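Report on one structure; see the data block that follows.
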Amino acid sequence: MNKPVEWEAIEAARRNYPALERWTYMDVAGRCILSRATRAAIDAHLDERMMNGGDKEKFFALIERARGKFAQLINAGPDEIAYAKNISDGLNMIATAFDWKRGDNVILCGDLEHPNNVYPWLNMRRYGLEVKSVKPRDGHIPVDEMVKLIGRGTRVVTVSTVTFAPGFRTDVDTLGRACRERGVLLLVDAAQSCGVLHTDVRKSNIDALAVSTQKGLLGLYGMGFLYCRREWAEKLQPAYLARFGVDLGEGAHEATMGDDNFKLMPAARRFDLGNYNYVGTAAVDASLTELLAYGTPRIERYVTGLGHALAQGLLDLGLPVTGGKPGPAVGTIVTVGRMSADHYGASDERINGLYAHLTENRVKLSIRRGVLRFSLHLYNNMDDVERVLELTKTFLKK
Ligand SMILES: Cc1ncc(COP(=O)(O)O)c(C=O)c1O
């Protein structure tokens, strides 16, 4: 494959990831590996806590700095970003902030969503919400079916930007346009795209987006953010409320108690609760610096190029790559085999054998819903792709 010159800078990122000395790491869809810079930021935060107790003003400055970087990453405003502990936290913030009435409905594709984007909605049925689920089409979320289902009672449409299996990209732009025209909130679960594929919430007409930091954002577990577009956030009422969600004016202390007739913070800030995950924020603040320096459009082009080369190579070896020849729905996740309900094994013994062979040879990947899942990020390169193809060829000859 011809390598554009700009790839060389991204390839240099590899040196910052010591795990690559041990592993051919293709499992960011499970969790990322940490860079030396991110580890150093975590250590610096913990050293400060251990040696000096820590300075709250500095911690708050860190929170605002990282909030600004999250916003920049997805083309939002800082006020449109709230802190969350993971994706389900962010999704539930939206699901519980509506004043549901009988006759309201949400549209999703239950078979392809992670359970964490299904249960929050099933839980709202007790307030009268109806959950309308469309069936997948050849492993894809059928956006056109969702648009057709939008009716008078539809308040929310929710999809994963990329499914965790089989890893196809959803046509969010088409859905975004349709939802915006109809005044319906489009909420996306960006677990499998944010940080590795370019996200522009304005261009895609995304109203709310939930993400965690341990995958494409190259940070830790127990940390994430929720984007909510100002116009929507200011119509929503958070189910949980604490001091940081209340507007007592700039500079008011965190322990100040205001009037009982409180005013909510602007936009998504109203979803912030009490103290933050400072160590998780220190980690992602460092990794966001790296992601923003390369820029997600560049990262997307680079990593998608690797994904397509891997998919094509596996197809050439005769393997059942999901979706066949890589097209626009294939990004940075490549899956092989037939989908089933099983998370840890495939129905095809050959696929299980290949998984074992790759794992024994220090390739890190996963099996989800019966398919082998290879997932890539900026620290991967063509050598990784070629190594996996070589190992696969050896396995198939056995
Ligand atoms: C699409 C998707 N949504 C959600 C999650 C996990 O959600 P949470 O951050 O709440 O654990 C995953 C994790 O693999 C995922 O792939």
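Quick note: residue numbers are just sequence positions, from 1. Numbering of ligands and ligand atoms starts at 1, following listing order. No experiment lies behind these values; they were computed from the predicted model shown.
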Practice item. Return yes when Asp189 approaches ligand 1 closer than 4.0 angstrom through a heavy atom, no otherwise. Key: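 Within the 4.0 Å threshold, so yes.
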Review point. Taking the non-hydrogen atoms of Gln214, is any one of them nearer than 4.0 angstrom to ligand 1?
Key: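 Under 4.0 Å: no for Gln214.
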Check your understanding: Side chain, backbone, both or neither: which part of Ser88 comes within less than 4.0 Å of ligand 1 when only heavy atoms are counted?
Key ->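 Contact part for Ser88 vs ligand 1: both backbone and side chain.
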Check your understanding: Taking non-hydrogen atoms only, is Lys215 closer than 4.0 angstrom to ligand 1 via side chain, backbone, both or neither?
Key ->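 Side chain only.
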For [atom], what's the nearest protein heavy-atom neighbour? Residue, atom name and distance, please.
atom	result
atom 12 (C) of ligand 1	His114 CD2, 3.3 Å
atom 16 (O) of ligand 1	Gln192 NE2, 2.8 Å
atom 9 (O) of ligand 1	Ile87 N, 2.9 Å

**Study point:** Minimum-distance pair of heavy atoms, taken over all atoms of Ile33 and Leu218
**Key:**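 That would be O-CD2, 4.3 Å.
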Exercise for review: Could you tell me if the ring centre of Phe271 sits under 6.0 Å from that of Tyr227?
Suggested key: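 No, the ring centres sit 6.0 Å or more apart.
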Is a side-chain N or O of [X] found less than 3.5 angstrom from the main chain of [Y], in a donor-acceptor match?
X	Y	answer
Arg373	Thr335	no
Asp272	Tyr83	yes
Thr38	Leu34	no

Exercise for review: Counting heavy atoms only, name the option from Asp89, Asn92, Asn116 that's nearest to atom 8 (P) of ligand 1.
Suggested key: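 Closest candidate by heavy-atom distance is Asn116.
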Check your understanding: Cut-off 3.5 Å, side chains only: do Asp384 and Thr24 have a donor facing an acceptor?
Key ->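 There is no such pair (donor and acceptor under 3.5 Å, judged by atom type) between the side chains of Asp384 and Thr24.
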Review point. Without hydrogens or angle criteria, can the side chains of Trp121 and Asn117 be said to hold a donor-acceptor pair below 3.5 Å?
Key: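 A donor-acceptor contact under 3.5 Å links the two side chains.
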Check your understanding: Which ligand 1 atoms are under 4.0 Å away from a heavy-atom of Ala191?
Key ->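 Counting atoms of ligand 1 from 1, those under 4.0 Å from Ala191 are 1 (C), 2 (C), 3 (N), 15 (C), 16 (O).
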Review point. Which of the numbered atoms in ligand 1 are below 4.0 angstrom from a heavy atom of Phe164?
Key: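 Matching atoms, with element in brackets: 16 (O).
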